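Structure, as structure tokens:
In this text, all values refer to a predicted model and were calculated from it rather than measured experimentally.
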Amino acid sequence: MEESILNLKTDLFTLWRTSIKSHIIQLSKYGIFGIIATLIHLGVASGVIYFFQAGVFIANSIAFFTAFMFSYIFQTLFVFTTSFQLKKLFRFFLVQYGTFLFSYILSNIIELSNAYLHTALIVVIMPLVTFIIHKFWTFKEL
């Protein structure tokens, strides 16, 4: 009896440890693709402004769409390893746009004297929030 309880505890610990490890790996992939998407956004916006003398709004709109599609494709395939579905694309957009609006509102509500610290908090907190929402809602199998 004691041996079976010990085996159960060992199995649960192993399951918990591998689960935590897989979540950390998944979160790391999410972060890497997020950084790449940000660099794509910066590169496309800069290129559109430089080569086409476009305004900031047009350049950032094109850059957002490009980075958004990159992010959706790579997160679908390599982070959450699921299938492409229009409903998931719509959810992905809602989360990305919704968290953008939320971070804007949050940054207006929370006034910090140091603008760099303020920005750093948003940059750290919002990706974690979006990861959790994507994991348990956006990419949940339908």
Side-chain angles (χ1 to χ4, degrees), residues 3-142:
E3 186 177 322
S4 64
I5 292 174
L6 182 61
N7 287 340
L8 179 60
K9 287 181 180 179
T10 304
D11 290 345
L12 288 174
F13 178 74
T14 303
L15 177 65
W16 178 78
R17 193 179 73 217
T18 49
S19 177
I20 293 296
K21 184 179 177 183
S22 69
H23 291 313
I24 290 171
I25 290 169
Q26 190 177 38
L27 181 60
S28 299
K29 288 179 187 178
Y30 182 82
I32 289 167
F33 288 120
I35 290 168
I36 294 170
T38 301
L39 294 173
I40 287 171
H41 184 113
L42 290 170
V44 169
S46 298
V48 169
I49 290 169
Y50 182 79
F51 291 111
F52 301 103
Q53 287 76 43
V56 172
F57 178 77
I58 297 295
N60 276 301
S61 296
I62 294 168
F64 172 81
F65 178 75
T66 306
F68 174 83
M69 290 310 299
F70 166 85
S71 190
Y72 175 72
I73 290 167
F74 279 82
Q75 287 187 36
T76 298
L77 294 175
F78 298 109
V79 176
F80 299 103
T81 55
T82 187
S83 60
F84 293 108
Q85 294 178 1
L86 191 56
K87 189 171 185 176
K88 289 178 186 177
L89 177 65
F90 181 69
R91 286 179 173 188
F92 189 79
F93 177 79
L94 285 178
V95 172
Q96 295 302 107
Y97 190 69
T99 53
F100 164 73
L101 290 177
F102 179 72
S103 66
Y104 178 75
I105 292 167
L106 188 64
S107 65
N108 284 322
I109 292 172
I110 300 173
E111 299 273 337
L112 295 176
S113 59
N114 186 325
Y116 297 107
L117 176 61
H118 194 159
T119 302
L121 283 174
I122 297 295
V123 167
V124 169
I125 292 170
M126 294 319 294
L128 293 173
V129 170
T130 57
F131 173 77
I132 291 167
I133 296 170
H134 285 322
K135 182 167 183 60
F136 295 106
W137 184 65
T138 305
F139 290 104
K140 182 180 177 186
E141 285 305 316
L142 305 173

Between [atom1] of [X] and [atom2] of [Y], what distance do you get to the nearest 0.5 Å?
{"X": "Ile62", "Y": "Phe57", "atom1": "CD1", "atom2": "CZ", "result": "10.5 Å"}
{"X": "His134", "Y": "Thr82", "atom1": "NE2", "atom2": "OG1", "result": "13.0 Å"}
{"X": "Thr138", "Y": "Phe80", "atom1": "OG1", "atom2": "CZ", "result": "7.5 Å"}
{"X": "Leu27", "Y": "Ser22", "atom1": "CG", "atom2": "OG", "result": "11.0 Å"}

- Item | Phe78 backbone acceptor or donor facing Thr81 side chain under 3.5 Å | no
Who are the side chain to side chain contact (heavy atoms under 4.5 Å, CB included) partners of [X], not counting sequence neighbours?
{"X": "Ile73", "result": "Leu77, Phe84"}
{"X": "Leu94", "result": "Phe90, Trp137"}
{"X": "Ile35", "result": "Leu39"}
{"X": "Lys140", "result": "none"}

- Message: Going by ring-ring contact (aromatic ring centres under 6.0 Å, His included), name the residues that satisfy it together with Phe70, two or more places apart in sequence or in a different chain.
- Response: Phe74
- Task: With sequence neighbours left out, write down each residue that passes ring-ring contact (aromatic ring centres under 6.0 Å, His included) with Tyr97, or none if nothing qualifies.
- Result: Phe93
- Any pair counted as side chain to side chain donor-acceptor pair (under 3.5 Å), so long as it reaches residues 67-78, sequence neighbours left out: Ser71-Gln75
- Can you run down the side chain to side chain donor-acceptor pair (under 3.5 Å) pairs that involve residues 39-63, sequence neighbours left out, and say none if there aren't any? His41-Asn60
What closest approach, in Å, do [X] and [Y] show between heavy atoms, and which atom pair accounts for it?
{"X": "Ala59", "Y": "Ile49", "value": "CB-CG1, 3.4 Å"}
{"X": "Gln26", "Y": "Val79", "value": "NE2-O, 3.0 Å"}
{"X": "Ala54", "Y": "Ile58", "value": "CB-CG2, 4.2 Å"}
{"X": "Pro127", "Y": "Ile122", "value": "CD-O, 3.8 Å"}

- Does anything in residues 115-131 pair up under salt bridge (charged side-chain N to carboxylate O under 4.0 Å, His left out), and if so which pairs, sequence neighbours excluded? none
- Enumerate the residue pairs fulfilling salt bridge (charged side-chain N to carboxylate O under 4.0 Å, His left out) with a member in residues 64-90, sequence neighbours excluded, ordered by first and then second residue. Lys88-Glu141
- Task: Tell me, yes or no, whether the heavy-atom count around Leu86 atom CG, taken from other residues, nucleotides or ligands under 6.0 Å, exceeds 12.
- Result: no
- Message: Under the criterion side chain to side chain contact (heavy atoms under 4.5 Å, CB included), I'd like the reasoning laid out for Phe131 against Lys135: C-alpha separation, chi angles, the key distance, then a yes or no.
- Response: CA-CA 6 Å; Phe131 173 77; Lys135 182 167 183 60; 4.0 Å; yes
- Would you please name every residue forming a side-chain hydrogen bond (donor to acceptor under 3.5 Å, both in side chains) with Thr130, sequence neighbours left out? Tyr30
